[in-house]
J.: 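So that we are looking at the same thing, I have put the structure below in C-alpha cells.
Every heavy atom of this structure was used, including side-chain atoms; hydrogens, water molecules and symmetry mates were not.
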Amino acid sequence: MMTVKYPFALAAVFIWIGFVCAISFLEAWLKFRAPGITVPLGLGIGRLVFNALNKVEWVLAIIMIVNIFMSKGWTFTSTDLIYFVPLVIVMLQSFWLLPALDIRAELHIQGQHVPSSLLHIYFIIAEVVKVAILFILGYSFYH
C-alpha cells in the first residue's frame, strides 16, 4: 500500500508544477502570438502574470516547508537540503531575476533601447531546474 508522507506538501508541489508549466512554458510565449498584442503590451501582461505567479509560488513553498517540518517524527538529514532548492530558486527569482527583468521590460515599454542579456535564459534554466526538483520531491513524498 502506498502512503503519502506529507499530504499538503505533495498537493502544493504538484499545484506549483502546474502553475509554472502553464505560465512559464506556455503563456509566456503564446501571448505574443495573439492578434493585436504588441511587444510592449505583451511585456506589460507578462510582468503582471509573473509577479502574481511569484506570490503564488511563495505561498506554495511555505505550505510545502511547513508541512514537512511540522510533521511528526521528522528529523533533519543532509538529504533534506533538496527541500530548499525550489525555495532558493524562488528567492533568486524574487530578489534578482524578476526585478532585473521588470526593469528591462519597463525600458522596452518606454521605447528605450534594451541591450541583449542572458537574464531570460537564466530565468528559463531556473524554471526547468525548479520543475525537475519539484517532480523529484513530489515523487519522494510517497513511500
J.: Could you tell me which non-hydrogen atom of H108 sits nearest to which non-hydrogen atom of V114, and how far apart they are?
T.: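 Smallest interatomic distance, heavy atoms only, reads N-CG2, 3.6 Å.
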J.: Is a side-chain donor or acceptor of K55 paired with a backbone partner of A52 at a separation under 3.5 angstrom?
T.: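 No; zero donor-acceptor contacts below 3.5 Å.
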J.: Decide side chain to side chain contact (heavy atoms under 4.5 Å, CB included) for Y122 and S117; before the verdict, give the C-alpha distance in whole Å, the side-chain angles of both, and the deciding distance to 0.1 Å.
T.: CA-CA 10 Å; Y122 297 154; S117 162; over 6 Å; no
J.: Using 0.5 Å steps for rounding, measure from the CG atom of N54 to the CE atom of M91.
T.: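 Interatomic distance, N54 CG to M91 CE, rounded to 0.5 Å: 11.5 Å.
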J.: Check each of L97, N51, L43, L107 against D102 using the side-chain contact (heavy atoms from CB on, under 4.5 Å) test, and report the only one that passes.
T.: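 Of all the options given, the one that passes is N51.
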J.: Would L81 and L134 show up in the same hydrophobic cluster when neighbours are defined by side-chain heavy atoms closer than 4.5 Å?
T.: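 Result: yes, single cluster for both.
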J.: Distance from C21 atom SG to K130 atom NZ, nearest 0.5 Å?
T.: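 With rounding to 0.5 Å, SG (C21) is 10.0 Å from NZ (K130).
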J.: I need the minimum non-hydrogen distance between V39 and F32, along with the two atoms involved.
T.: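 Looking at all heavy atoms of both residues, the shortest contact is O-CE2, 3.8 Å.
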J.: Consider only side-chain heavy atoms of I, L, V, M, F, W and Y, link residues closer than 4.5 Å, and tell whether L41 and V49 are in one cluster.
T.: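 In one cluster: yes.
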J.: Would you call the rings of F141 and Y83 parallel, tilted or perpendicular, where under 30° means parallel and over 60° means perpendicular?
T.: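 Ring orientation of F141 relative to Y83: tilted.
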J.: Can you get from F123 to W29 by hopping between Ile, Leu, Val, Met, Phe, Trp and Tyr side chains that sit under 4.5 Å apart?
T.: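 F123 does not cluster with W29.
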J.: What distance separates I82 CD1 from I133 CD1, expressed to the nearest 0.5 Å?
T.: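 It comes to 4.5 Å.
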J.: Is it possible for you to say whether F25 and L53 belong to one hydrophobic cluster, with membership spreading through side-chain heavy-atom contacts below 4.5 Å?
T.: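 Yes, same cluster.
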J.: Starting at CD1 of I121, measure out to CD1 of I124 and round the result to the nearest 0.5 Å.
T.: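 CD1 of I124 is found 5.0 Å from CD1 of I121.
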J.: Could you tell me which non-hydrogen atom of I63 sits nearest to which non-hydrogen atom of A12, and how far apart they are?
T.: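 Nearest pair, atom of I63 first, then A12: CG2-CB, 3.8 Å.
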J.: Are F84 and I89 close enough, and set up right, to give a side chain to side chain contact (heavy atoms under 4.5 Å, CB included), and what steps lead you there?
T.: CA-CA 9 Å; F84 292 100; I89 292 172; over 6 Å; no
J.: Is there side-chain contact between Q112 and E106, with heavy atoms separated by less than 4.5 Å?
T.: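 No - every pair of side-chain heavy atoms lies 4.5 Å or more apart.
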J.: Taking atom CZ of F19 as the centre, does the number of heavy atoms from other residues, nucleotides or ligands within less than 6.0 Å exceed 12?
T.: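 Check fails, neighbour count at 12 or below.
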J.: Are F14 and F8 close enough, and set up right, to give a ring pair (Phe, Tyr, Trp, His ring centres under 6.0 Å), and what steps lead you there?
T.: CA-CA 10 Å; F14 285 105; F8 295 108; over 10 Å; no
J.: Measure across P40 and I109 and return the closest heavy-atom pair with its distance rounded to 0.1 Å.
T.: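 In this case the closest contact between P40 and I109 is O-CG1, 3.7 Å.
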J.: With hydrophobic residues grouped by side-chain heavy-atom distances under 4.5 Å, do M64 and V88 end up in a single group?
T.: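 Different hydrophobic clusters.
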J.: Measuring from atom OH of Y142 to atom OH of Y6, what distance do you get when rounded to the nearest 0.5 angstrom?
T.: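 That separation rounds to 14.5 Å.
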J.: If you round to the nearest 0.5 Å, how far is CD1 of I23 from CD of E127?
T.: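 CD1 of I23 is found 9.5 Å from CD of E127.
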J.: Where do V20 and E57 come nearest, in terms of heavy atoms and distance?
T.: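 Closest approach of V20 to E57: CG2-OE2, 3.4 Å.
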J.: Does P115 offer a backbone N or O that forms a donor-acceptor pair with the side chain of R104 under 3.5 Å?
T.: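 At least one qualifying donor-acceptor pair exists.
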J.: Can you name the closest pair of heavy atoms from N67 and S71 and give their distance?
T.: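 Minimum heavy-atom separation between N67 and S71: O-OG, 2.5 Å.
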